[in-house]
Undergrad: 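Below is a structure I'd like to ask you about.
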Amino acid sequence: QVQLVESGGGEVQPGGSLRLSCAATESILSFTVMAWYRQAPGKQRELVASMTAGGSTDYADSVKGRFIISRNTKNTLYLQMNSLKPDDTAVYYCYTYRGVGYWGQGTQVTVSS
């Protein structure tokens with residue numbers, strides 16, 4: 001059973017930055033797709049950024065130019081979040097897929113002055 005553990009969330013002022021990490025119990029390169037989702041209070045979970053095994057990336061329009069998804073060669077997926085806005089406030093979840101989808105437990109990101 002693959003386990004994913006997110007870290008790096010917290011509270012930041014508008015315009016600030018955070019870097020989320022997602023540590024997997026298996027090689028991150030073994031997954032077909034890796035992604036970050038988020039869910040704000042009262043809203044549906046939405047895709048923020050994704051990366052294929054080949055390294056292709058895609059972003060939600062709302063975060064293009066501000067967020068960057070990346071990975072290392074071992075077991076960690078990252079989400080660099082810059083120029084944060086109050087609308088980015090949400091619980092952020094790591095997701096990986098390899099025939100079966102796996103979710104992390106989520107990490108809270110709060111953007112507030």
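Side chains are part of it too, since the values below use all heavy atoms of this structure and drop only hydrogens, waters and symmetry mates.
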Undergrad: Mind checking whether Pro86 and Pro14 have side chains closer than 4.5 Å, heavy atoms only?
TA: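 Yes. Closest side-chain heavy atoms under 4.5 Å.
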Undergrad: Say whether Ile68 and Tyr37 are linked into one hydrophobic cluster, either directly or through other cluster members, by side-chain heavy-atom distances under 4.5 angstrom.
TA: no
Undergrad: For residues 59-69, pull every pair meeting side-chain hydrogen bond (donor to acceptor under 3.5 Å, both in side chains), keeping only residues two or more places apart or in separate chains.
TA: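 Applying side-chain hydrogen bond (donor to acceptor under 3.5 Å, both in side chains) to every pair that reaches into residues 59-69, excluding sequence neighbours, yields Arg38-Ser62, Asp61-Lys64, Arg66-Asp88.
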Undergrad: What heavy-atom pair brings Ile28 and Leu77 nearest, and what distance separates the two atoms?
TA: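 In terms of heavy atoms, the two residues are closest at CD1-CB, 4.2 Å.
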Undergrad: Can you tell which of Phe31, Trp36, Trp103 makes a ring-ring contact (aromatic ring centres under 6.0 Å, His included) with Tyr95?
TA: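 Among the candidates, only Trp103 passes.
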Undergrad: Verify the distance criterion only: is there a donor paired with an acceptor across the side chains of Asn82 and Ser17 at less than 3.5 Å?
TA: yes
Undergrad: Are Val100 and Leu47 linked, directly or through other ILVMFWY residues, by side chains that come within less than 4.5 angstrom of each other?
TA: no
Undergrad: Under 3.5 Å, is there a donor on one side chain and an acceptor on the other for Arg71 and Thr76?
TA: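 No, no side-chain donor-acceptor pair sits under 3.5 Å.
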Undergrad: Using every non-hydrogen atom in the two residues, find where Glu6 and Gly104 come nearest and quote the distance to one decimal.
TA: OE2-CA, 3.2 Å
Undergrad: Any non-hydrogen side-chain atom of Val91 less than 4.5 Å from a side-chain atom of Thr107?
TA: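 The answer is no, as the side chains (C-beta and beyond) never meet within the 4.5 Å cut-off.
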Undergrad: Any side-chain heavy-atom pair from Leu20 and Met81 closer than 4.5 angstrom?
TA: yes
Undergrad: Under 4.5 Å between any side-chain heavy atoms of Val48 and Tyr92, yes or no?
TA: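 Yes; the side chains approach each other to less than 4.5 Å.
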Undergrad: Do Val33 and Met51 come close enough that some side-chain heavy atom pair is under 4.5 Å?
TA: no
Undergrad: Are Ile69 and Tyr97 linked, directly or through intermediate hydrophobic residues, by side-chain heavy-atom contacts shorter than 4.5 Å (ILVMFWY only)?
TA: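 Tyr97 does not cluster with Ile69.
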Undergrad: Between Thr52 and Met34, what is the shortest heavy-atom contact and its length?
TA: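 Taking every non-hydrogen atom into account, O-CE, 3.7 Å.
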Undergrad: Is the NZ or CZ atom of Arg45 both under 6.0 Å from the centre of the six-membered ring of Tyr93 and within 45° of that ring's axis?
TA: yes
Undergrad: Write out all pairs satisfying disulfide (SG to SG under 2.5 Å) with one or both partners inside residues 45-95, taking only residues at least two apart or from two chains.
TA: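 As it turns out, the disulfide (SG to SG under 2.5 Å) pairs with a partner in residues 45-95, which skip direct neighbours, are Cys22-Cys94.
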